[in-house]
Amino acid sequence: MTRKERFDRIIAYFLEHQPAAETELKYSTPYELLVAVILSAQCTDKRVNLITPALLHKYPTARELARATTREIFEFIKSCSYPNNKSKHLKGMAEMLAEEFNEVVPSDIEKLQQLPGIGRKSANVIASVVFKKPALAVDTHVFRVSERIGLTKHARTPLEAERQLVQWIPESLIPVAHHWLILHGRYICQARKPKCPECGLKEYCAFYTKNVKDSITQK
Ligand code: SF4
């Protein structure tokens, strides 16, 4: 199977089965998504969704969050991973958003990355989810699933994987493709035990063809 055929089939599969995949983080404004994305580093969306309601009720705007101390923020987010760092990032992000961006979340990926706690992956999430830009965030799930299926080849970094993926995915589908791959990695193509027998992509998956199918044939 050529790489183009593989992409075409995977995209067709997801368009049929998950046409409207979206983030599992709960938010109602771009500012709220920024807060949730900062909290979600190395933490589950489920945990983040438990933390954000009280935090955002107390600090509904960037200006209000900027006025909080890191100690006060810490108290709301201490059940999250890395609460000390994230308290600093949240305060720093809120200060910059309020003072330099007049509380308007920028759509530009470079500007987003100026905000504390926002790296390229998080900037791509904001740009694609809020502004529907063709920015593909590569997290650990997207990185692993893409390599296993054979969508990427020997990508050494998330940026390499991102560059390979966006060459083959139509621009209009890049925002949703991020969610397809994340959700597939979270629930089916899991890191330690991929659920290959129940996976709808197995016919098009390089890992399955090479490792699972061959071992079944040899028995
Ligand atoms: S067949 Fe297995 S390795 Fe391939 S995508 Fe599905 S779960 Fe992952």
Side-chain angles (χ1 to χ4, degrees), residues 1-26 33 36-37 39-49 81 119-129 132-219:
M1 182 181 294
T2 66
R3 206 151 167 207
K4 170 144 185 15
E5 284 167 344
R6 179 165 279 134
F7 267 92
D8 287 349
R9 289 182 188 186
I10 300 288
I11 289 170
Y13 172 87
F14 280 126
L15 278 174
E16 186 184 344
H17 292 90
Q18 286 173 275
E22 55 185 34
T23 180
E24 293 186 318
L25 291 170
K26 296 203 175 111
L33 184 62
V37 164
L39 289 171
S40 72
Q42 313 278 319
C43 188
T44 63
D45 288 1
K46 207 171 159 188
R47 165 67 48 198
V48 173
N49 289 337
S81 55
R120 186 174 178 92
K121 181 194 75 178
S122 300
N124 282 353
V125 170
I126 304 291
S128 65
V129 171
K132 305 297 173 219
K133 287 197 164 186
L136 204 148
V138 175
D139 74 345
T140 179
H141 294 303
V142 174
F143 191 79
R144 178 184 71 254
V145 170
S146 301
E147 194 69 26
R148 273 188 185 155
I149 295 173
L151 297 177
T152 54
K153 293 232 190 292
H154 315 299
R156 285 164 300 174
T157 62
L159 184 57
E160 268 186 33
E162 179 191 325
R163 286 188 175 140
Q164 290 188 29
L165 289 166
V166 298
Q167 282 178 38
W168 299 91
I169 302 173
E171 258 191 32
S172 62
L173 294 178
I174 286 175
V176 73
H178 159 75
H179 301 300
W180 289 338
L181 295 169
I182 280 199
L183 295 173
H184 198 68
R186 199 171 279 169
Y187 299 109
I188 305 288
C189 191
Q190 294 169 337
R192 290 201 188 148
K193 276 197 177 175
K195 298 175 181 172
C196 299
E198 65 187 76
C199 177
L201 303 180
K202 57 181 178 282
E203 275 181 63
Y204 328 122
C205 173
F207 176 90
Y208 182 83
T209 309
K210 188 165 182 290
N211 299 292
V212 184
K213 201 173 171 187
D214 287 356
S215 74
I216 294 170
T217 316
Q218 282 161 18
K219 281 181 188 167

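Indexing begins at 1, ligand by ligand and atom by atom, following the structure's order.
For atom 2 (Fe) of ligand 1, the set of protein N/O/S atoms nearer than 2.8 Å consists of Cys196 SG, ordered by chain and number.
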Report all side-chain donor-acceptor pairs from residues 6-15 shorter than 3.5 Å, counting only partners two or more places apart or in another chain.
from, atom 1, to, atom 2, distance (Å)
Arg6, NE, Ile149, O, 3.2
Arg6, NE, Tyr204, O, 2.8
Asp8, OD1, Lys4, NZ, 3.3
Asp8, OD2, Lys4, NZ, 2.8

Name each donor-acceptor pair under 3.5 Å that joins a side chain in residues 184-194 to protein atoms two or more places apart or in another chain, with its distance.
from, atom 1, to, atom 2, distance (Å)
Arg186, NH1, Glu24, OE1, 2.5
Arg186, NH1, Asp45, OD2, 3.2
Arg186, NH2, Asp45, OD2, 3.3
Tyr187, OH, Glu24, OE1, 3.0
Tyr187, OH, Glu24, OE2, 3.0
Gln190, NE2, Arg186, O, 3.1

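The residues Lys121 and Glu162 are annotated as not salt-bridged, no charged nitrogen and carboxylate oxygen being separated by less than 4.0 angstrom.
A 6.0 Å sphere centred on CD of Glu171 holds no more than 12 heavy atoms belonging to other residues, nucleotides or ligands. More than 12 heavy atoms of other residues, nucleotides or ligands sit less than 6.0 Å from atom NZ of Lys202.
Remark: ligand 1 atoms within the under-4.0 Å shell around heavy atoms of His184 are 5 (S), 6 (Fe). Interface of Ile149 with ligand 1, defined as ligand atoms under 4.0 Å from a residue heavy atom, comprises 5 (S).
Interatomic distance, NE2 of His141 versus CD1 of Ile182, reported as 7.0 Å (0.5 Å rounding).
Thr152 meets the side-chain hydrogen bond (donor to acceptor under 3.5 Å, both in side chains) test with Glu147; sequence neighbours excluded.
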